[in-house]
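Letters A, B, ... mirror the listed sequences (proteins, then strands); counts begin at 1. The figures that follow rest on heavy atoms only: side chains count, while hydrogens, waters and symmetry mates do not.
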Amino acid sequence: MKITVDDDFDLDKIINSGQCFRPRKTEDGIYRFITGKHTVDIRDLTKEAGEKNVDRATELEVSCSQNEWDDVWHQYFDLDTNYRKIRKRIPSDDLFLKNCAKSGAGIRILRQDKFEMLISFIISQRKSIPAIRTSIERLVGLYGKDGFFPEPEAMLAATEDELASCGLGYRCSYVYNAARRVALGEFDLEEMNNLPDDELFDKLKSIAGVGDKVANCVALFAYHRCGRAPVDTWIARIINEHYDGVNPFNGYGPVAGIMQQYMFYSAIR
DNA sequence: TCCCAGGCGATCT
DNA sequence: AGATCGCATGGG
């Protein structure tokens, strides 16, 4: 089925923007995304035709039905938000950000699975992105069904040796305890969707292994709190080198997280 | 082999 | 509050 997206939309940038770890591009140029119990294969017909242009629409060929696209993937890719408009509203005196946004045009802030983001970003601390991917895929292999990310309940049966075999190292107890607390209902990740940003942030941080950075990543990439801007080593370096050590993200208001993604992508690519 | 990775918690001052 | 330090593995 064909889908037209009349806004910034670049799947290569999305899967390489560090916000997701499982989506991949196959050798045939097909992008595979998985969220919850849904999988979709996408081809970018515009890119294949060599006609990719940030100011024009993108034609996609998707493997799912129109209903599934509308119910799942439309929201997942945040297609109700106009990124082009947001990107062009960046004031020209912030030249560094403007250049980052130019190189990152096409990135979207995905609405990803809450439990998957929580576990993934707990794992992410002090790991390279390839190493994060390896650990997550091992978790999926051990506790997931049919290639989907594990249910929290499935991880209750985990042993320390099994988790260690996923390369989690000292994060084993963090991952196990987070999964246990979600499985036992101590943390209702869906209910937390109703909390204001600050309360969501504090609640996430009450999980061992979740600090400022991980809590902001979960808030941004699972709860779509686009005013949150995670500060990691890359962003900290940018703040020091380009903003005189003063965190600029408060000034970006409700789109701070989007600006953070442009900068992060620009830094790691 | 060596170095460091999308940080965090504990333990200081 | 702010600074420092140890931490388990895996990529490059």
Ring-plane angle category for A:Phe115 and A:Phe149, please: parallel below 30°, perpendicular beyond 60°, tilted otherwise. perpendicular

Residues A:Arg22 and A:Glu116 bridged, charged N to O under 4.0 Å: no

Is the shortest heavy-atom distance from the side chain of A:Leu79 to the side chain of A:Asp7 under 4.5 Å? no

Quick check on contacts: within residues 14-26 of chain A, what sits under 4.0 Å from DNA chain B by heavy-atom distance? A:Ser17, A:Gly18, A:Gln19

Separation of A:Tyr174 atom OH from C:dG6 atom C1', in whole Å? 11 Å

Length of the line joining A:Ile132:CD1 and C:dA8:P, which is rounded to integer Å: 18 Å

Report the distance from atom CD of A:Gln125 to atom C1' of C:dG6, rounded to the nearest whole Å. 12 Å

Distance check, P atoms only: C:dA3 and B:dG6, in whole angstrom units. 24 Å

Hey, are A:Asp41 and A:Arg32 close enough for a salt bridge, meaning a charged N less than 4.0 Å from a carboxylate O? yes

A:Glu160 CD - C:dA8 P separation (whole Å): 11 Å

When rounded to whole Å, the CG to P distance for the pair A:Asp161 and C:dA8 reads 15 Å

Expressed as a whole number of Å, how far does the C1' atom of B:dG9 sit from that of C:dG10? 22 Å

Kindly point out which of C:dC7, C:dG11, C:dT9 is positioned nearest to the side chain of A:Ala164? C:dT9

Want to settle it: does A:Ile129 or A:Lys205 sit nearer the 5' end of DNA chain B, counting the closest nucleotide to each? A:Ile129

Which is true for A:Ser135 with a 4.0 Å heavy-atom rule: it touches a base, it touches only sugar-phosphate, or it touches nothing? nothing

Considering only heavy atoms of chain A and a distance under 4.0 Å, specify the first and last nucleotide of DNA chain B in 5' to 3' order that meet this criterion. B:dA5 to B:dG9

Roughly how far apart are A:Ser135 OG and A:Ile119 CD1, rounded to 0.5 Å? 12.0 Å

If you measure from the Lys or Arg side-chain nitrogens to the Asp or Glu carboxylate oxygens, is any gap between A:Arg108 and A:Asp78 under 4.0 Å? no

Return whichever of A:Thr134 or A:Arg126 has its heavy-atom-nearest nucleotide of DNA chain C closer to the 5' end. A:Arg126

With a 4.0 Å cut-off on heavy atoms, is A:Val231 in touch with a base, just the backbone sugar-phosphate, or nothing at all? nothing

Go through the steps to decide whether A:Tyr252 and A:Tyr262 satisfy the test ring pair (Phe, Tyr, Trp, His ring centres under 6.0 Å), and finish with yes or no. CA-CA 13 Å; A:Tyr252 303 140; A:Tyr262 289 143; over 10 Å; no

Checking side chain to side chain donor-acceptor pair (under 3.5 Å) for the pair A:Asp71/A:His38: CA distance, chi angles, key distance, verdict? CA-CA 11 Å; A:Asp71 292 347; A:His38 299 272; over 6 Å; no

pair A:Gln19-A:Ile107: side-chain heavy atoms closer than 4.5 Å: yes

Base, sugar-phosphate alone, or nothing: which one does A:Arg138 contact when heavy atoms must sit under 4.0 Å apart? sugar-phosphate

From NZ of A:Lys127 across to P of C:dG11 the rounded distance in Å is 7 Å

